[in-house]
Amino acid sequence: MANDSDRWWEAPGMSGESPQTGAEPYSQPAIPQQPGGYPPPQYGAPQPGYGQPPYGQQPYTPQQYGQQPYGQQPYAQQPYGYAPQPNPGPPRRGNGAGVIIAVVAVVALIAVVGIAAVVIGTSSSDETSASATSTTAPTVKAGPLSGTTTAPATPGAKGVLVASYRVAYDVPSAWSVSAEYDTMSFTTAIGSMNGRGQATEGESYCPGSAYRAMAGVTTTTESDPAAAAKAVAKIAAAGGYSDPTGGKLTSPTALTTQSGVTGQFVESAGPWKPAVAGCTADAYSVYTFAFKNAADTLLVLTLLVDRNATGELTADQAKKIITSLRLV
C-alpha cells in the first residue's frame, strides 16, 4: 500500500396480639319454662373455634385463587386453616332427619372443594405452560460492548471486536489490533470510507508500504449488498493503492459465514508501484464482504493485501478471515 502524503495511514487518530379464634363464653339468662316443663329449643348455638353461620345457610368457603408455586401439586386450601363444619340446625327429631342434614352438608363441602381444585389445577397448568414457553424465548442480547478484542471463533486466531457495530472477525494471531480511535479511512474522487475495528500485519515491512495487509469494517451509502461490496472495493483500491480506476472487480457472489451471516463478496485487483523503491510488491488485492448486522445496518468487511511480497496473505487466508465474521 502506498505511503505518500495523501495516504490514509498518515491521518491523525482519531409483632402484635394473637387473633381470637372463637366466640367469648357468656352466661345465658334463664328462660321461663313452657307449659309442660319443656325448655325451648336452642338454634344455631355457637361452635367452639369460630363463628357459626345463621340457621338455614350453608357455610361459605372462599376459594383460593392465588397461583401455586411451580412444581407443586395443586391442593384445595381451606380458609384460615379450619375445615368447615356442617350447620347443626334445629334439634333433631329423629335419626332420619340427621342423616339427611349430614348428607346435604357433605355434598356441599365436596362441591366447594371440587371447584377449588379445578381453579387451582387450571392455574398451575397455566403457570407450567408459561414456564415452558419462557424457556424457548429468544435470549435477550447483552448491553453495550466495549474494547477491541474478543474470544476468537477460530482456534489459534485473534478475535477483533467492532463494539459499535456489534460484530467480530478473526485474524491470524501475529496481527495487531488497532485502538478504537484508529480508523481505516480513505477519501478519493470515487468516494470515501471510514472503517472501524482495524487490524494490520507487516507494518513497514518495506520502505514503500505502510502495511502488508490490513482489515476493517466500514459503513456504506449503498442500500444493496452487491452494490456496496463493489463500491467499497473500488474506494479501497483508489485510496490504498492510488488506482483511480478502482481495479478489476469480480462479479458479486453470495457468501455465508461460519456463523450464518449472509452477504455479497467481491474481489478487486490491479498493478501497483510503490512510491518509494525497495519493495518487491507490485500488485494488490482488495476483498470486500457486504452484510447486515443485528441493527439492520449495511456494513462491509474490507481487506487490503500487497501482492508479490514475502509473507503475503494468501487468497485462502483472506477468505478465512471473511468467513469468520459474526454478530455479537
Side-chain angles (χ1 to χ4, degrees), residues 136-142 145 147-175 177-178 184 191 193-201 213-237 240 246-269 284-305 307 312-328:
T136 60
T139 303
V140 179
K141 287 186 176 291
L145 300 176
T148 58
T149 59
T150 186
T154 308
K158 182 180 293 186
V160 182
L161 173 66
V162 191
S164 56
Y165 298 147
R166 301 190 72 94
V167 300
Y169 65 94
D170 294 344
V171 294
S173 59
W175 282 46
V177 179
S178 303
M184 187 176 68
M193 59 180 286
N194 185 18
R196 301 183 184 182
Q198 178 178 279
T200 61
E201 184 275 331
M214 70 184 303
V217 178
T218 182
T219 55
T220 175
T221 58
E222 301 290 341
S223 58
D224 175 67
K230 292 192 297 182
V232 173
K234 295 178 66 174
I235 295 172
K248 184 178 180 180
L249 275 68
T250 62
S251 298
T253 58
L255 184 148
T256 301
T257 69
Q258 295 175 354
S259 66
V261 178
T262 60
Q264 293 289 319
F265 172 78
V266 164
E267 178 184 356
S268 176
Y284 70 86
S285 292
V286 174
Y287 304 91
T288 58
F289 174 61
F291 65 98
K292 287 186 176 183
N293 66 1
D296 203 38
T297 301
L298 186 59
L299 304 170
V300 184
L301 173 60
T302 308
L303 282 75
L304 292 82
V305 183
R307 287 286 173 239
E312 68 181 32
L313 187 77
T314 67
D316 286 343
Q317 290 173 322
K319 202 70 168 289
K320 287 181 179 179
I321 292 176
I322 289 176
T323 56
S324 70
L325 184 133
R326 55 202 179 274
L327 308 184
V328 295

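Here the structure is a predicted model, which is why all the values come from computation and not from measurement.
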Residues 213-236 vs salt bridge (Lys or Arg N to Asp or Glu O under 4.0 Å), sequence neighbours excluded, gives none
Rounded to the nearest 0.5 Å, the OG atom of Ser285 sits from the CD atom of Glu267 at a distance of 5.0 Å
Tell me whether the guanidinium CZ or amine NZ of Lys320 lies under 6.0 angstrom from the six-membered ring centre of Tyr169 and within 45° of its axis.
no
Of all heavy-atom pairs linking Gly147 and Ala163, the shortest is O-CB, 4.1 Å
All heavy atoms of Ala236 vs all of Leu304, minimum pair found to be O-CD2, 3.7 Å
Can you check whether Glu312 reaches Arg307 side chain to side chain, under 4.5 Å on heavy atoms? yes
**Asked** Is a donor on one side and an acceptor on the other found under 3.5 Å between the side chain of Thr150 and the backbone of Gly159?
**Response** no
Between the OG atom in Ser268 and the CD1 atom in Ile235, the distance rounded to the nearest 0.5 Å is 11.5 Å
Heavy atoms of Ala294 and Leu327 approach each other most closely as N-CD1, 3.9 Å
Within the side chain of Ser259, is there an N or O that forms a donor-acceptor pair under 3.5 Å with the backbone of Leu325? yes
* **Phe289-Tyr287 aromatic ring centre distance below 6.0 Å** => no
Closest non-hydrogen contact found for Leu313 with Ala213 is CB-CB, 4.4 Å
**Request:** Flag the pair Leu161 / Thr149 as yes when at least one side-chain heavy-atom distance between them is below 4.5 Å, and no otherwise.
**Result:** no
*Stepwise, does the side-chain contact (heavy atoms from CB on, under 4.5 Å) test hold for Met193 with Met184?*
CA-CA 8 Å; Met193 59 180 286; Met184 187 176 68; 3.8 Å; yes
Answer whether the closest heavy-atom distance between the side chains of Val160 and Thr148 falls below 4.5 Å.
-> no
Handout entry: Residue pair Leu255 / Lys319, side-chain heavy-atom distance below 4.5 Å
Key = yes
Using atom types as modelled and distance alone, determine if a side-chain donor or acceptor of Lys158 lies under 3.5 Å from a backbone N or O of Trp175. yes
With distance as the sole test, does Arg166 use its side chain to make a donor-acceptor pair with the main-chain N or O of Val328 at under 3.5 Å?
yes
In terms of heavy-atom contacts, Ala229 and Gln264 come closest through CB-O, 3.8 Å
- Task: Please tell me if the side chains of Thr218 and Thr302 come closer than 4.5 Å, counting only heavy atoms from C-beta onward.
- Result: yes
Would you check if Pro225 and Leu298 make a side-chain contact, meaning some heavy-atom pair closer than 4.5 Å?
yes
Minimal heavy-atom distance between Ala215 and Leu303, with the atoms involved, is CB-CG, 3.9 Å
Within a strict 4.5 Å, meaning less than it, do heavy atoms of the Phe265 and Thr288 side chains meet? no
Any luck finding a side-chain donor-acceptor pair between Ser164 and Arg196 under 3.5 Å? yes
OG1 (Thr220) and CG (Leu299) are apart, to the nearest 0.5 Å, by 9.5 Å
Next item on the list: Using a 4.5 Å cut-off on heavy atoms from C-beta on, say whether the side chain of Met214 contacts that of Glu201.
Entry: no
Check your understanding: Does the Asp170 side chain pair with the main chain of Ala157, one donor and one acceptor, at a distance under 3.5 Å?
Key -> no
- Message: I'd like to know if the side chain of Thr257 reaches the main chain of Val261, judged simply by a donor and an acceptor atom lying under 3.5 Å from each other, with no hydrogens or angles considered.
- Response: yes
